[in-house]
Amino acid sequence: MNDSIPDYTMQTAPAGYDKEREGIARGIIHTVEYPSRAVGNTRKAMVYTPPGYSAEQKYSVLYLLHGIGGDETEWYNHGKPQIILDNLYADQMLKPMIVVLPNGRAMLNDRAEGDHFAPDKVQAFETFESDLLHDLIPYIEANYPVRTDRMHRAIAGLSMGGGQSLNIGLNHLDRFAWIGAFSPAPNTKLPELLLPEPQKAAELLSLLWLSCGDLDNLKNVSDRTHAYLSQHSVPHLWVEENGDHDWPVWKNGLYQFSKLIF
Ligand code: FER
């Protein structure tokens, strides 16, 4: 962990942090398609490149995951990450990073339609581990000027995507040094399975962020994870916010987490 983390006190995101500001440089957000062996088709993701993006530079990468009712456009449509990040860059508060918004429902029809809780759809959020590690990350690394070591790769997400970030990130600490979960859902593995070797995680993690709204019906998932991390002395940031299972908590999560990584 960073030495500074234990003393970290949560700063509330300033008013206007998610409002488009006039006269600042802007990043670009676009859709890409990549071949997926895990699913056997071509899949979509959105990619945000920061203001002043240049192939002459090397960037870190944040993989930012959506919830059970979303797809690769969910953050873009509801969270406006490009506005939050543009504002942070304007204030020189972010390291140069590319943000990838994948579709975490790794199945042939991955559109957010029908019964989101159907067993095959829930299963597809587990299949995503292979799609991410073996298909999407290699695609990003082949097509963007990015650093490819664990210290320059982060994973974070909201709800179902928060559970994925914990499950995938903590199971692959050789790939991710920075992990964030905003209101993680019940797909989050039970603590003993999530972190069978807490000592190893404590040594390897640069940042483990866990946040949840106090009114969230799924808060028991965060509570049990936080309790286990504390019992086993795994440094982490536990941020209990005023809020529900909703965008203000997730956008604040992105704002706070992105400032701390890399
Ligand atoms: C569940 C309740 C909620 C669950 C997933 C969710 C897999 C996900 C919620 C979200 O992503 O917003 O029981 O089980």
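In each ligand, atom 1 is the first atom listed, and ligand 1 is the first ligand listed.
- No donor-acceptor distance shorter than 3.5 angstrom exists from the side chain of Asp246 to the backbone of Pro248, with no hydrogens or angles considered.
- Residue pairs meeting the ring-ring contact (aromatic ring centres under 6.0 Å, His included) criterion with at least one member in residues 86-126, sequence neighbours excluded: His66-Phe125.
- Side-chain contact check for Glu141 versus Tyr139: every heavy-atom pair is 4.5 Å or farther apart.
- Taking the six-membered ring wherever Trp is involved, the centroid distance between the rings of His78 and Trp250 does not fall below 6.0 Å.
- Just one residue in the list Glu113, Arg111, Arg105 forms a side-chain hydrogen bond (donor to acceptor under 3.5 Å, both in side chains) with Asn109, and that residue is Glu113.
- The 4.0 Å heavy-atom shell around ligand 1 contains residues Gly67, Ile68, Phe117, Ser159, Met160, Ala185, Pro186, Leu218, His245, ordered by chain and number.
- Aromatic rings of Tyr59 and Tyr53 (six-membered ring for Trp) have centroids within the 6.0 Å cut-off, being under it.
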